[in-house]
Each structure stands twice: as structure tokens, then as C-alpha cells.
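The structure appears right after this line, and notes come after that.
The residues of the chain are indexed from 1 along the displayed sequence. All values below were derived from every heavy atom in this structure, side-chain atoms included, with hydrogens, water molecules and symmetry-related copies excluded.
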Amino acid sequence: NPENPSDNDTVETRQFRARGTISATGVTVDTSDRVVKQIFDVDARKVTNEIGLGWCTLSVGGSFRPSSAGVPRRAVVAFEELRIALFGGKGPTLTLDFLFNVIGRIQNW
């Protein structure tokens, strides 16, 4: 979980038009010309980024806190979930949450 999640109690709610990619702890996905859903559950302090890629729906998520680095409309996220729902959710869903744990261990090694 992110450190000090209550160090700033304000979360910007205006639309943010980020373009190009979603990046989560080294997992980067090209989002050009795609609709990306960013879903905040403020009560649970969780955020999920979801993108349809045609053959699958990719989602990454984890706990968050607002950035304390003076960057507006930014959240610091501890990514914990990586899901790939095949065929737009009509097929099986691959749960690859363990990859964030592996990436974290390698980065801290």
C-alpha cells in the first residue's frame, strides 16, 4: 500500500486527457486511439485502469493516494492486480497479480 495515504485529502476530479500509454510498474500498454477507463473507489482507496484491446480487456489496479509531490491530478498507486479478460470478458480471465510481486522483488534486489 502507498505510504501515508492521508497526507493529502483532496483528489482532483476534472477530466484528465492523458494520451499514449498506461504504465504500471514496468507493464506498459499503448493506449493510442483507445478508450481507457480509470475507476476510483475512494472509500476503498483503490484505482483500476481498464482498456479494451479487441482480443481482450486489460486491467491493472491497486491502492492509491494523491501525489504529495506537487503534481496535480496524479495518484501514487501500489499496483497489485493485473487481469486479462479474453474476448472482451466473454472468455476466461487470466489473473496475473503475482507479476507485480515478482517485478517488485527484482527491482528491490
Side-chain angles (χ1 to χ4, degrees):
N1 289 333
E3 252 181 64
N4 305 318
S6 63
D7 68 342
N8 181 346
D9 291 332
T10 60
V11 176
E12 181 62 54
T13 58
R14 289 180 287 157
Q15 184 177 16
F16 181 58
R17 296 184 182 270
R19 294 185 184 172
T21 62
I22 289 177
S23 184
T25 315
V27 177
T28 302
V29 176
D30 179 10
T31 61
S32 302
D33 300 320
R34 298 185 190 328
V35 174
V36 178
K37 294 180 189 174
Q38 191 170 53
I39 306 155
F40 282 87
D41 181 342
V42 177
D43 289 337
R45 291 201 177 273
K46 294 197 79 156
V47 63
T48 302
N49 290 325
E50 186 177 285
I51 182 169
L53 298 174
W55 61 278
C56 75
T57 300
L58 174 72
S59 64
V60 293
S63 52
F64 78 94
R65 68 171 171 82
S67 174
S68 59
V71 180
R73 299 186 308 232
R74 282 287 184 209
V76 175
V77 181
F79 286 103
E80 304 153 343
E81 300 172 2
L82 173 58
R83 310 285 161 82
I84 301 173
L86 299 174
F87 310 112
K90 295 179 181 166
T93 297
L94 305 174
T95 301
L96 304 172
D97 302 351
F98 71 93
L99 286 177
F100 287 125
N101 189 13
V102 169
I103 291 169
R105 288 176 186 251
I106 290 170
Q107 288 175 338
N108 293 322
W109 189 20

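Residues F100 and L82 share a closest heavy-atom pair of CE1-CB, 3.6 Å. Of all non-hydrogen atoms in E80 and G62, the two that sit nearest each other are OE1-CA, 3.7 Å.
Here the straight-line distance linking atom CD of E50 with atom CD1 of I39 works out to 5.0 Å at 0.5 Å rounding. For the atom pair CG of D41 and OG of S63, the computed distance is 11.5 Å after rounding to the nearest 0.5 Å. Expressed to the nearest 0.5 Å, how far CG of N49 lies from CZ of F40 amounts to 7.5 Å. L58 contributes atom CG, which lies 11.0 Å from atom CG of L86 (distance to the nearest 0.5 angstrom).
Applying the side-chain contact (heavy atoms from CB on, under 4.5 Å) test to V35 and every residue at least two apart in sequence or in another chain returns nothing. D97 pairs by the salt bridge (Lys or Arg N to Asp or Glu O under 4.0 Å) definition with R83, not counting sequence neighbours.
Applying the side-chain hydrogen bond (donor to acceptor under 3.5 Å, both in side chains) rule to pairs touching residues 51-62 yields nothing, sequence neighbours excluded.
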